[in-house]
Amino acid sequence: MRRRETVVFGGIGAVLFLYVVYPFAAFFIGTRGAGSDVGSGFREAVVNSLVTAPVATAIATVFGVPLAYFLSRAEFRGKVVVEALVVLPLVLPPVVGGAMLLMGFGRLTTVGSIAVSMGVPLTDSLVGVVLAQTFVASPFVVVTSRAGFSSVDEDLEHASRTMGHGPIATFWNVSLPSARTAVGAGVVLTFARAIGEFGATMMVAYNPRTMPTLIWVDFIARGVDGVVAPALVLIGVSLTVIVAVQRLERIPRLRR
Amino acid sequence: MRRRETVVFGGIGAVLFLYVVYPFAAFFIGTRGAGSDVGSGFREAVVNSLVTAPVATAIATVFGVPLAYFLSRAEFRGKVVVEALVVLPLVLPPVVGGAMLLMGFGRLTTVGSIAVSMGVPLTDSLVGVVLAQTFVASPFVVVTSRAGFSSVDEDLEHASRTMGHGPIATFWNVSLPSARTAVGAGVVLTFARAIGEFGATMMVAYNPRTMPTLIWVDFIARGVDGVVAPALVLIGVSLTVIVAVQRLERIPRLRR
Amino acid sequence: MMLEVRGLTKSYGEETAVDGLSFSAERGEFVTLLGPSGCGKTTVLKTVAGIRTPDEGRVLLRGDDVTGAKPEERQVGVVFQSSSLFPRMTVRQNVEYAVKPHIDDADERRKRVDEVLDLVEMSDKSTASPGSLSGGEARRVELARALSYEPDVALLDEPLTGLDRALRNELKNEIRRVHDETGVTTVLVTHDQEEAISVSDTVVVMNDGEKEQEGTPREVYRQPRTRFVAEFVGESTRFDGVVDRSGDVTTDEGAKVRVNGRGEGGEGDEASVYVRPENVALVRDVDVYDNIFSGEVVELTEMGSHAEAVVSTEAGDILSEVRGFSDVREGQKVVVGFDDSDAVVVADAADGEP
Amino acid sequence: MMLEVRGLTKSYGEETAVDGLSFSAERGEFVTLLGPSGCGKTTVLKTVAGIRTPDEGRVLLRGDDVTGAKPEERQVGVVFQSSSLFPRMTVRQNVEYAVKPHIDDADERRKRVDEVLDLVEMSDKSTASPGSLSGGEARRVELARALSYEPDVALLDEPLTGLDRALRNELKNEIRRVHDETGVTTVLVTHDQEEAISVSDTVVVMNDGEKEQEGTPREVYRQPRTRFVAEFVGESTRFDGVVDRSGDVTTDEGAKVRVNGRGEGGEGDEASVYVRPENVALVRDVDVYDNIFSGEVVELTEMGSHAEAVVSTEAGDILSEVRGFSDVREGQKVVVGFDDSDAVVVADAADGEP
């Protein structure tokens, strides 16, 4: 880009950039010194978040990556409807997702009451947190992996097949390695969405606290200054996730 | 795909698909008949959401599309940091974003107090809702448009330039039309994210109510059955958004 | 017969890609499917490989019907149109992966990998990643990989497309050499007539999903049986007219073109006569040629090894190849001549066109 | 001079794409940059168009230095390597958009669009969308669009790549015809020597970002001045040896190759002699040729219009073009001959290589 384009497009774009950066800077400047004030329940919330988010991510990945591969390769009637439903949680407001989950897994529902009788309550429990996080975050790994699989030349798979490898061996040895940066980015984004999940978690499992719900509770009790510690932890996670995604998506770019 | 692959990948993927579909179905079955029970403040919340989300989307689009174009074409030092900061709200938990916005625009901050003295409070106001929605939702239009611009062959722009058209005319006549489905998808996703925004809005503007905050208030007051009306409206918006995105992304696929 | 394709038909939606195509390849034969882009030749190749399922027709390998078999159940080696080396594996790992399902013993496997990399002269690049190879090197490795497990048939889909002319020539000779050394039955797909003619034992000319002609390169070049083949395979001058009693053709402009034995046509048939530019000589006066037309050079194109002259005559524009040092100039009055035995008749009865 | 490029140098990171290249084109001249992929020819074209900024060197259009000017400030028409028709506009709108900055009057603009679409015979497709055009049609429209505003120079980047051979031939003639009718100065970039030789007034052979030779097609083909040019532009047999007192070359195998006046070399210089296959005749006995070698046909390749024989002799393998009906067979003992005036010497002094 030459000077004139840079000024026009960069100048207009800078407005949005500064709007995003300003609160970030204000937060770090405003919280200097206040950071050591850790509210009660902080430790428990960190542990809860660090247990539930990886579990939700693992569930989404184990089932979501095959689903993504299936959607990228199979053609069938009604595929567009299946795709729409898989992506739905991505655009559905989390509070609505939470309400839906309560209708499906609440204590008074068939599924929920059976689970309670087995000693595994699906709401207001860590299981409930995982249910909420998985519901809201899983589309990330499906959508990103699907795009990754779609960009793998199918002739690579055909080549593997003609060599005598079956479809499962071909998936493990050819398709998955070729799409691994996209799948990796999807997993990381799913984790970020899961660990930051708030709306659906509030409805399904107000207790036990995760970091986002703790921030809300602390905010109600003590205002903005009370949320610094959990917010900093989550900011750290977010920054790590962004760096990881950038690294993953850089690799193929450099090779081209 | 032949039978065996379909069974393996489709079968594993179906677990996740069913987990996403089940709460959706349970919600519609569970709320039959309960739909007519509209809580107080429903109308006001609908109006507030339908005013704030389009405004936030418009702001994000007007500044985000030039930013996306700039990022897709310009090379400069520190570009990777700018990209990271622009994407940050996408992975940052909304409650943390809300806390940041309060640190930047709260009544006690310089910016916030000046705004209040001018009669435009930036928190607990419709302006506050727009600030929260714009912060959280703008990355969608930037990221999606950027991918769209990157997939436009730069030689199309070079051709336009050699014909005697300047960079701005080239952007309007060539780059933007060529990327219009991606930009359109980005705008629609931004709108969906804005109208469903909950975490940051709760912190910045608990009042006046938008649909997501109303759902939370009604849920506290009356349980799941109390949230049916606003939830149905938001589900309708989400489904419309998904259909729109699918339509937009189908067009180029069919032409190839 | 190593490979037999019988009555293959395949449609994508409304579009018929291949329409009742049959051909076969004997053990060790080099067969080329030649035709313009979109004529269905890649679909034929993918059907033989088991990647596409035909709507109708059969594919036989070594006499066994494999029409319904999966790709991994056939013994075929494929070089795809765009490079299909596995990007996350080295050159050596690529070949090893191909050999693995076929040879259990690790030592024997290693030996085989060495052999085929040697065969294509890529041994010194065995630890390279596919991304670091040049276009020609990648093609060599793909060829080695496709042959490494000694398939019944090697299927090569436009392996020379996208390469420079000099490299194309070199790799073409390489492909033929490797074929001759391994003796593997080979089916190559191309849209380049020169490539098809210089590398194959048998050429199958395709158009719109159908077979136009099958024969040796020389037959296809010298005895085209349809207008499409005459015009797609090499350059020619075309005279349109009617076959007279003696078998010669009187053109629409009233000129008579003498024909001797090549092609067929009954008296009164609408027919086209084709003559190749290398068989048309520029002469100063009436000569020993059976066909003589006088005219003027209207276009002269230098081609390096020769020049091509377009001569405007009463029978239309005639293309002539000019060789050696020549003082021919545009605007010059000349006489062109060609033997009746170099003129090929394609009559409508044979062509099926109106 | 319509276009002058002086000492152009351009690097991408560590890699030098173009290294001190100079060439020029007079008004109405058809210049071709010929070289292998990656030799920097596209970078030259984009620098002339103002899309790339050179590290060093100047670009002059009509004598004005435009090195720092933006693309829209130059008068250049470009046909890019991959189709660059605007997908959301019809054929007609594409051309109109190109004409708009140059002609204010709407009627005149409409007239110009009609003219150029007529010129490339695409008038009947004016309302078509680019996606519905064939490869050849899209190229025609791009050519019309690039010429529609009467640029100082038309820049064509591999316009024939990716097309079938028959179509490539047709479009090549079309490009030359349009050039002759419009008289626009044209710079074409290609890796295909046949294309370069048959279409251009002047050929600039490039390798590794540098100019190897510049001349008429005939000069470049018949008088290659470097080994690269001799080997990249057409096929030849190469003899390596030392120049003796008479100017002839004694090969490393001890054979003597007589040379008469083409190329240069001082006594004692290491040199290569090149001779084109079409100048090497197969003869049965000693003949009128200055160079005679006896040997055996070890390879015979049918090429359609001719065949190529590799003859193994005491001076190495010699490539000979065999024409007409011939009973040459592999394994046959033959004698090959060529004139001393058809042998070209490239000596190391001229080449600069060790």
Side-chain angles (χ1 to χ4, degrees), chain A residues 1 4-6 8-10 12-13 15-17 20-24 26-27 30 63-64 66-67 69-70 73-74 80 82 84-89 91-96 99-104 135 138 167-168 192 196 198-199 203 212 215-216 219 224 227 231 234-235 238 241-242 246, chain B residues 1 4-6 8-10 12-13 15-17 20-24 26-27 30 63-64 66-67 69-70 73-74 80 82 84-89 91-96 99-104 135 138 167-168 192 196 198-199 203 212 215-216 219 224 227 231 234-235 238 241-242 246:
Chain A
M1 273 195 167
R4 195 168 154 219
E5 299 97 287
T6 307
V8 173
F9 297 105
I12 298 173
V15 174
L16 186 61
F17 175 69
V20 170
V21 170
Y22 165 68
F24 195 69
F27 181 81
F63 297 103
L67 181 60
Y69 185 66
F70 177 74
R73 292 292 183 262
V80 70
V82 172
L85 288 170
V86 168
V87 178
L88 189 66
V91 297
L92 198 69
V95 274
V96 177
M100 285 181 170
L101 285 167
L102 283 178
M103 291 282 193
F135 182 82
S138 64
I168 312 293
F198 175 61
M203 313 261 306
I215 287 177
W216 173 247
F219 174 67
V224 173
V227 309
L234 287 175
I235 289 169
S238 300
V241 161
I242 284 190
Q246 282 189 330
Chain B
M1 274 195 166
R4 195 169 153 218
E5 299 97 286
T6 306
V8 172
F9 296 106
I12 298 174
V15 174
L16 186 61
F17 174 70
V20 169
V21 170
Y22 166 68
F24 194 70
F27 182 81
F63 297 104
L67 181 60
Y69 185 67
F70 177 74
R73 292 292 182 262
V80 70
V82 172
L85 288 170
V86 167
V87 178
L88 188 66
V91 298
L92 197 70
V95 274
V96 177
M100 284 182 172
L101 285 168
L102 283 178
M103 290 283 193
F135 182 83
S138 64
I168 313 293
F198 174 60
M203 312 260 307
I215 287 178
W216 172 246
F219 174 67
V224 172
V227 309
L234 287 175
I235 289 169
S238 300
V241 160
I242 285 189
Q246 282 189 329

Examine whether an atom of [X] lies under 4.5 Å from a heavy atom of chain B, and if so say whether it belongs to the side chain, the backbone or both; otherwise answer neither.
X        : value
A:Val20  : both
A:Pro89  : side chain
A:Ile215 : side chain
A:Phe135 : both

Heavy-atom pair with the smallest gap, counting every atom of [X] and [Y]:
X        : Y        : answer
A:Val80  : B:Gln246 : O-NE2, 3.0 Å
A:Ala99  : B:Val227 : CB-CG2, 3.9 Å
B:Gly13  : A:Pro66  : N-CB, 4.3 Å
B:Met100 : B:Leu92  : SD-CD2, 3.7 Å

Q. Taking only residues two or more places apart in sequence or in another chain, which ones pass ring-ring contact (aromatic ring centres under 6.0 Å, His included) with B:Phe27?
A. none
Q.
Among residues at least two apart in sequence or on other chains, which ones pass ring-ring contact (aromatic ring centres under 6.0 Å, His included) with B:Phe17?
A. none
Q. Is the closest side-chain heavy-atom distance between A:Leu88 and B:Ser238 below 4.5 Å?
A. yes
(Q) Quick check on the interface: out of B:Ala84, B:Pro94, B:Ala26, who has the most heavy-atom pairs with chain A under 4.5 Å? (A) B:Ala84
Between [options], which shows the greatest number of heavy-atom pairs under 4.5 Å with chain B?
options                      : answer
A:Leu67, A:Ile235, A:Leu85   : A:Leu67
A:Gly199, A:Gly104, A:Ala192 : A:Gly104
A:Val86, A:Val82, A:Leu101   : A:Val82
A:Val241, A:Val21, A:Val15   : A:Val15

Q. Under a 4.5 Å heavy-atom cut-off, does chain A meet the side chain of B:Phe219, its backbone, both or neither?
A. side chain
